[in-house]
There are 2 protein chains.
Amino acid sequence: MKLQEALHKLKEQGVRLTPQRQEVLRILIEEAGGEEHLSAEEIWRLVRKRYASISFDTIYRTLNLFVRCGLASELDFPDGCRRFEFAGNGHHHHLVCLKCGRAEELAFCPEDCLIRAQFEKPGFKITGHAFKIYGYCPKCQQVSDGSSHHS
Amino acid sequence: MKLQEALHKLKEQGVRLTPQRQEVLRILIEEAGGEEHLSAEEIWRLVRKRYASISFDTIYRTLNLFVRCGLASELDFPDGCRRFEFAGNGHHHHLVCLKCGRAEELAFCPEDCLIRAQFEKPGFKITGHAFKIYGYCPKCQQVSDGSSHHS
DNA sequence: TCCTAGATCAGAATTATTCCTATGTACCAG
DNA sequence: CTGGTACATAGGAATAATTCTGATCTAGGA
């Protein structure tokens, strides 16, 4: 199962497997289940169920560690806080609702653009990319101001 | 000239033309000149040259106003603060250096992806999109740790 | 020129994230 | 299995970007 693989990957990199780290990882994989993109605060709330005294600092340090180790991806949606997802479900991009903040995953990726970029700016060493499409999800279009407010 | 057009556009929308707003707009157009992507603080510093007592609040309110009016675009680069650019130079995307934070503009856009997204998620009302390529610019690759740190 | 809705200023408040330091613990060597 | 230590954690303070508040000012129409 994914959690075991991920724990193994951490160990390989010489990272200590504290119970807090394991629980954060478990939540990223199981609670989020490829469906939600959790903010640090949401993760903190979930971890607190088992580790009532875990600090915000530990959540952030752990998430940043996971990002560095390639186990998590950081998503900056336009609602003021970073969100995180497990990185073991393959590379993908997002369709983000500007009202409710929820994100759906997209099955395609503009990777041909990387080649074009490499051609256009030869000296630049490309390490990653992000593609986001913004708009309003079906649910938020039904609510009165989902599609009609200009502010 | 662009500044006049932009001021006219603001007036059309019933927005008051205060000297502070005109100066912020002038800076976005002239000082930035399609080359830099300015943070609120950088803009504040530049406006202070002429309006020494302008407040941060006014800068932010003005920039948010310009974004709402379609005169400015908001860019969230991964260095912790939003940056702004004049929106009258056409639609484009960015190649962002992870070390120095500088961004270059790209001449192409993965717009065909929007059609694919529309096909894949029919109920979603698309209003915009963002594409960013990350990496290290030639200058930052020369500095020792530009290409070799894993953090 | 006068009035007033809306803008500005100054600083306090808010929010996300990181830093600090004393204490706790994972895990390697013995 | 046990002890030592390098690294992790908790808790709270610090930082930094952005927004709010309330008093004062002003752009632009009458």
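Put simply, CD on E23(B) is 12 Å from P on dC9(C), counting in whole angstrom units. What separates CD of Q22(B) from C1' of dT8(C) is a distance of 15 Å, to the nearest Å. If you take CG of L10(B) and P of dG28(D), they are 11 Å apart, rounded to a whole angstrom. Q13(A) places its CD atom 18 Å from the C1' atom of dA26(C), with the value rounded to the nearest Å. Here dC27(C) presents its P atom at 11 Å from CG of L7(A), a figure rounded to the nearest Å. Note: CH2 (W44(A)) to C1' (dG12(D)) measures 13 Å, nearest angstrom. Separating the CG atom of L17(B) from the P atom of dT8(C) is a distance of 11 Å, rounded to the nearest angstrom. Y51(B) places its OH atom 14 Å from the C1' atom of dA7(C), with the value rounded to the nearest Å.
For I54(A) against W44(A), the heavy-atom pair with the smallest separation is O-NE1, 3.1 Å. The nearest pair of heavy atoms linking C97(B) to C137(B) is SG-N, 3.4 Å. Smallest separation of non-hydrogen atoms from E120(B) and L106(A): OE2-CA, 3.6 Å. In plain terms, the two heavy atoms of H91(A) and H93(A) that are nearest each other are NE2-NE2, 3.2 Å.
As judged by a 4.0 angstrom heavy-atom cut-off over every strand, T18(A) is placed among residues touching the sugar-phosphate backbone only.
Relative to the axis of its first five pairs, the axis of the last five pairs of the helix from dT1(C)-dA30(D) to dG30(C)-dC1(D) sits at 30°, rounded to 10 degrees.
The side chain to side chain contact (heavy atoms under 4.5 Å, CB included) test with Q22(B) singles out one residue from I27(B), L7(B), L10(B), and that residue is L7(B).
Looking at L38(B) and F84(B), their side chains never come closer than 4.5 Å, going by heavy atoms from C-beta outward.
For dA10(D), one of the phosphate oxygens OP1 or OP2 lies less than 4.0 angstrom from a side-chain nitrogen or oxygen of Q20(A). One finds no side-chain N or O of S55(B) lying less than 4.0 angstrom from the OP1 or OP2 phosphate oxygen of dA10(C).
In the set dT8(C), dT9(D), dC27(C), the nucleotide with an atom closest to the side chain of K11(A) is dC27(C).
Ring centroids of F108(B) and H92(B) are separated by 6.0 Å or more, keeping the two rings apart.
Hydrophobic clustering (side-chain heavy atoms under 4.5 Å, transitive across Ile, Leu, Val, Met, Phe, Trp, Tyr) groups V24(B) together with V67(B).
Here the SG atom belonging to C140(A) is positioned 8.5 Å from the CZ atom belonging to F124(B), to the nearest 0.5 angstrom.
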- Contact pattern, 5' to 3', of nucleotides 13-26 of chain D - B, S or - by protein heavy atom under 4.0 Å: ----SSBBB----B
